[in-house]
Each structure stands twice: as C-alpha cells, then as structure tokens.
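First comes the structure, then the notes that go with it.
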Amino acid sequence: MRNRIDELDEQIVALLAERTAAVRILTEHKTDEAAVRSPDRVRAVLARVEMLAERHGMPPRIARETYRALIEELTAMQLVRLARRRGTPV
C-alpha cells in the first residue's frame, strides 16, 4: 500500500504542477490585485472542491483546507508575478 500511496502522490503533485502552470498563464491576463485575490472565485472553488470531495467519498474539510492552502500560495505567487510585471518592488 505504501507503493500505491507513493504512486498517487506522484500523480497528485503532477496535477498540482499542471494547475500551477495554468495559474501562471492566467496571471498574465490579470491587471490588479483585486483580480488576483478574487474572493468570489475563491469561494466558488472551495465550494466546488467540497462537492467533488463528497462525490468521491472524501471528507470535504480535507479538500477545502488543502485547496485553501493551495490558493493562498498561488495567490502569493500571482501577486509577485504581477508586481514584477508592473516593475513594483516585491
């Protein structure tokens, strides 16, 4: 089972890397901090992953908190990228 968990971790990290790459591309179209932070979108994503977790038999809290951490880190990454694009100190 540990080997299976390792295989799943490989897949999960690969998908997270793919999601991160998509966020990087999306960031190039954002023009301000409000567009990056987008609280309505954050709420929608968290609600969606809770629903997906339930559908897949996973505790929704785990999905929500995992995504909350992911969104927090990706938001920070986007803010740095936006600042660099604008020539603003990070």
Any chance you could measure Tyr67, atom OH, to Ile62, atom CD1, to the nearest 0.5 Å? 14.0 Å
All heavy atoms of Ile71 vs all of Val42, minimum pair found to be CG2-CG2, 3.9 Å
Sub-4.5 Å side-chain heavy-atom contact between Met77 and Leu74: yes
Table please: side-chain donor-acceptor pairs of residues 7-25 below 3.5 Å, with sequence neighbours left out.
{"unit_1": "Glu7", "atom_1": "OE1", "unit_2": "Arg4", "atom_2": "NH1", "d": "3.4"}
{"unit_1": "Thr20", "atom_1": "OG1", "unit_2": "Leu16", "atom_2": "O", "d": "2.9"}

Which pairs pass side-chain hydrogen bond (donor to acceptor under 3.5 Å, both in side chains) with one or both residues in residues 76-85, sequence neighbours excluded? Thr27-Gln78, Glu28-Arg81, Lys30-Gln78
To the nearest 0.5 Å, how far apart are OG1 in Thr66 and CG in Leu46? 10.5 Å
So, for Ala35 and Ser38, which heavy atoms are closest and what is the spacing to 0.1 Å? O-CB, 3.6 Å
Minimum heavy-atom separation for Met58 and Ala63, please, with both atom names. CE-N, 3.7 Å
For the student: nearest non-hydrogen atoms of Pro89 and Ala83, plus distance: O-CB, 4.4 Å
From CZ (Arg86) to CD (Glu33), nearest 0.5 Å: 8.5 Å
